[in-house]
Enquirer: 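Dropping a structure here in structure tokens format, bear with me for questions.
This chain uses plain numbering: 1 for the first residue, then up along the sequence. As the structure is a prediction and not an experimental result, all values here were calculated from the model.
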Amino acid sequence: MLTYILKRILYFIPTFFIISLFTFLLSQMAPGDPVELKLQGGLRGDSGQSSEKIAGEKAYFELSQKLGRHLPPFYFSITSKAFPDTLYKIYKKDQRENLEKLIEQYGNWNDISRYFYSAKQLEFALYDRHPDTIDNTLFERTRTIREACNYLYRNHDHGDILLHISEIKTAAASSIQITDSATGKTTAYNGLVDILPLVNNVEKNYEAVRANANNSAKYIPAFYWYGTANQYHRWLFGDEPWFGENNDPTKTSKGFFRGDFGHSYLDGRPVVSIIGDAIKWTLLLNLIAFIITYAVSIPMGVSLAVKKDTTYDRITTTVNFILYSLPTFWIATLLITFFTSDYYANWMDLFPTHGVGKTGDDYSFWEQFTDRSYHFILPLFCMVYGSFAYISRQMRGGMLTVLRQDFIRTAFAKGLEPGTVYWKHAFRNSLIPIITMFASFLPAMISGSVIIEYIFTIPGMGRVSYESVVARNFPVLFTLLMFSAILTMVGNLLSDILYGVIDPRISFTKKK
């Protein structure tokens, strides 16, 4: 058995890395830009001042660096020769993805990068412009060109690009007529005449992108090696030194293995703090629900097997299946409607509607225990009533299988008491289906019950998971995913160990 356990623990290592790769891949494919999400829109620099634009870009880059998004995603990449090995240095996600699509279309990175940076140069030339007392259209035309440049960063469709370049040219070339009061002569005046070469440069570079398309480069494979300075390695192992002091202020991550799960995108709190606050309620609820469920279901299942096909068996099974078929959210809503207010009758206002009761050091243990028990009655009922039918049915099936075997008939023939036969000889051998279900208990301890916790406003893991999905708070979500996977592996190992303990016929050693 010990050898088997050690082997299983060793198998955890590659399994963990496969799960972590899958989780990391999900994080890369997740929609939205985590840096912008954390900046909540960030400093976009739309005021027309280069200092604010640069401050916005700097804030974005510094946060990207803090999150490790400025690094290549993985140790290596296998792509086509059309893609450069430094594309990850375009640190804005939407701009990088747009450049990837342009590369897939035209395959000539040098021309594409010239076009991209010429649009950047044009946009930056429009900041810090002084008010023009002659041309009152200057502000509006400047804003039009900046917005069109931003569309170019995020657009790869040929028709759309031509449309935005046309808007830029029209806005840049527009002029107003000025009449000289002395001579009465009318002349054209354009306050943006200095940027016309930059506009022409953007147009010329885009034409070069299309004219110099290199489709053959898209079919030549390329392999790029980035070493350990990548996002995946940093996420797992961190970039701070494992031993000694960290003298580099740009290295801020200790990695998953050292308990650094990142920070929430919403409020900047460490993920470990968010999970630590929530998991105690989920653990408490699930442990109590687990004890109640098994304490009721196992004796019920044994008695149903012993009294098979009796009236008791039929009535209990029918009631259990009725309970099992009732949706949890519906029962929870009914309980809140009828038993948390005096709307229908004064005596029906029995339970609180939400929350977990008194918390804090001002209350004694007994006060907290009684108040929380009072709050947990309805959520616990919703968590256990459906499990009675399922687990008792599994127990009943396991017992019936064992009761048909020869050693049970032999035990009865020897004159043993029925209780001794059922509980001493049959019960232990019928626990295999129950132990199998035990493997799912540990992951449930961290994933929580989303519906119950949300309806009863319990600040547990289920509620945290739901809110993380809705808010796209991926550091919390992916940490929960990793822990659920780890606990699933541990639960399966514990189930295997219990198989060997419960049933001597099950051996994990090779037969010689």
Enquirer: Could I get the full list of salt bridge (charged side-chain N to carboxylate O under 4.0 Å, His left out) partners for E100, not counting sequence neighbours?
Expert: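 With sequence neighbours excluded, E100 shows a salt bridge (charged side-chain N to carboxylate O under 4.0 Å, His left out) to no residue whatsoever.
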
Enquirer: Please indicate whether F22 has more than 12 foreign heavy atoms, meaning atoms of other residues, nucleotides or ligands, lying under 6.0 Å from its CZ.
Expert: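 Atom CZ in F22 is not packed in, count stays at 12 or less.
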
Enquirer: For residues 59-68, which residue pairs qualify under side chain to side chain donor-acceptor pair (under 3.5 Å), counting only residues two or more places apart or in two chains?
Expert: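 Passing the test, one end in residues 59-68: D33-Y60.
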
Enquirer: Would you say OH of Y226 has more than 12 non-hydrogen atoms from neighbouring residues, nucleotides or ligands within 6.0 angstrom?
Expert: yes

Enquirer: Less than 6.0 angstrom from the centroid, inside 45 degrees of the normal: does R463 satisfy that with respect to the ring of F456?
Expert: no

Enquirer: Please report the shortest heavy-atom distance between L480 and S465, naming the atom on each side.
Expert: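 Scanning both residues completely, I find the closest heavy atoms to be CD1-OG, 3.1 Å.
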
Enquirer: Please give me the minimum heavy-atom distance between L126 and T142, naming the atom from each residue.
Expert: O-CG2, 3.6 Å

Enquirer: Within a 6.0 Å radius of atom OH on Y11, are there more than 12 heavy atoms belonging to other residues, nucleotides or ligands?
Expert: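 Counting other residues, nucleotides and ligands, OH of Y11 stays at 12 neighbours or fewer.
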
Enquirer: Establish, yes or no, whether a centroid distance under 6.0 Å links the rings of F483 and F256.
Expert: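 Between F483 and F256, the centre distance is under 6.0 Å.
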
Enquirer: State whether a side-chain donor-acceptor pair under 3.5 Å links H158 with Y206.
Expert: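 Indeed, the side chains of H158 and Y206 share at least one donor-acceptor pair under 3.5 Å.
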
Enquirer: Please list, chain by chain and in numerical order, all residues satisfying ring-ring contact (aromatic ring centres under 6.0 Å, His included) with F76, sequence neighbours excluded.
Expert: F74, F223

Enquirer: Between D111 and S113, does any side-chain donor sit less than 3.5 Å from a side-chain acceptor?
Expert: no

Enquirer: With no hydrogens and no angle check, do the side chains of S118 and N205 hold a donor and an acceptor under 3.5 Å apart?
Expert: yes

Enquirer: Would you call the rings of F61 and H70 parallel, tilted or perpendicular, taking 30° and 60° as the class edges?
Expert: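 Taking H70 first and then F61, their aromatic rings stand perpendicular (interplane angle over 60°).
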
Enquirer: State, with a plain yes or no, whether a side-chain heavy atom of E36 is found less than 4.5 Å away from one of K93.
Expert: no

Enquirer: Are the side chains of E207 and I165 in contact, using a 4.5 Å heavy-atom criterion?
Expert: no

Enquirer: Please enumerate all residues that pass ring-ring contact (aromatic ring centres under 6.0 Å, His included) together with Y466, with sequence neighbours excluded.
Expert: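 Y466: ring-ring contact (aromatic ring centres under 6.0 Å, His included) contacts with Y454.
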
Enquirer: With a 6.0 Å cut-off on ring centres, are Y385 and F381 close enough?
Expert: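 Yes - the distance between ring centres of Y385 and F381 falls below the 6.0 Å cut-off.
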
Enquirer: What is the ring orientation for W235 with Y232, classed by angle as parallel under 30°, tilted 30 to 60°, or perpendicular over 60°?
Expert: tilted

Enquirer: Please collect all side chain to side chain donor-acceptor pair (under 3.5 Å) contacts where either partner lies in residues 80-89, sequence neighbours excluded, each pair once.
Expert: none

Enquirer: Looking only at heavy atoms, what is the nearest atom pair of Y117 and I90, with distance?
Expert: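 Closest pair (atom of Y117, atom of I90, distance): OH-CD1, 3.3 Å.
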
Enquirer: For a 4.5 angstrom cut-off between non-hydrogen side-chain atoms, does E97 reach K92?
Expert: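 When only atoms from C-beta onward are counted, K92 and E97 do not touch, as no gap falls below 4.5 Å.
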
Enquirer: Under a 3.5 Å cutoff, is there a donor and acceptor pairing between the side chains of N473 and S264?
Expert: yes

Enquirer: Taking the side chain as every heavy atom from C-beta outward, state whether P34 and R69 have any pair of such atoms under 4.5 Å apart.
Expert: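 SC-SC contact between P34 and R69 confirmed.
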
Enquirer: Ignoring hydrogens, what is the shortest heavy-atom contact between H164 and L152? Give both atom names and the distance.
Expert: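 The answer is CB-CD2, 3.8 Å.
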
Enquirer: Compare all side-chain heavy atoms of Q177 with those of Y189 and state whether any distance is below 4.5 angstrom.
Expert: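 Sidechains of Y189 and Q177: no contact.
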
Enquirer: For the rings on Y344 and F338, is their centre-to-centre separation under 6.0 Å?
Expert: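 Yes, the ring centres sit under 6.0 Å apart.
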
Enquirer: Testing the basics here: between S20 and L236, what is the closest heavy-atom pair and its distance to 0.1 Å?
Expert: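 Where S20 meets L236 most closely, the heavy atoms are OG-CD1, 4.0 Å.
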
Enquirer: List the steps, then state whether side chain to side chain contact (heavy atoms under 4.5 Å, CB included) holds for M383 with N286.
Expert: CA-CA 8 Å; M383 292 175 72; N286 278 277; 3.8 Å; yes

Enquirer: Might you confirm whether atom CH2 of W330 has over 12 heavy atoms from other residues, nucleotides or ligands at distances under 6.0 Å?
Expert: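 No.
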
Enquirer: Using the ring-ring contact (aromatic ring centres under 6.0 Å, His included) criterion, which residues pair with F237? Sequence neighbours excluded.
Expert: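 Once residues adjacent in sequence are excluded, the partners of F237 under the ring-ring contact (aromatic ring centres under 6.0 Å, His included) criterion are H233, F257.
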
Enquirer: Are there more than 12 heavy atoms of other residues, nucleotides or ligands under 6.0 Å from atom OH of Y91?
Expert: yes

Enquirer: Take R141 and E167 through the test salt bridge (charged side-chain N to carboxylate O under 4.0 Å, His left out) and record every step on the way to the result.
Expert: CA-CA 10 Å; R141 289 193 289 137; E167 286 178 358; over 6 Å; no

Enquirer: Heavy atoms only: give me the nearest R258-S253 pair and the separation to one decimal.
Expert: NH2-O, 4.1 Å

Enquirer: Just by distance, with hydrogens left out, do N215 and K218 show a side-chain donor and acceptor under 3.5 Å apart?
Expert: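 Per modelled atom types, N215 and K218 side chains form a pair under 3.5 Å.
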
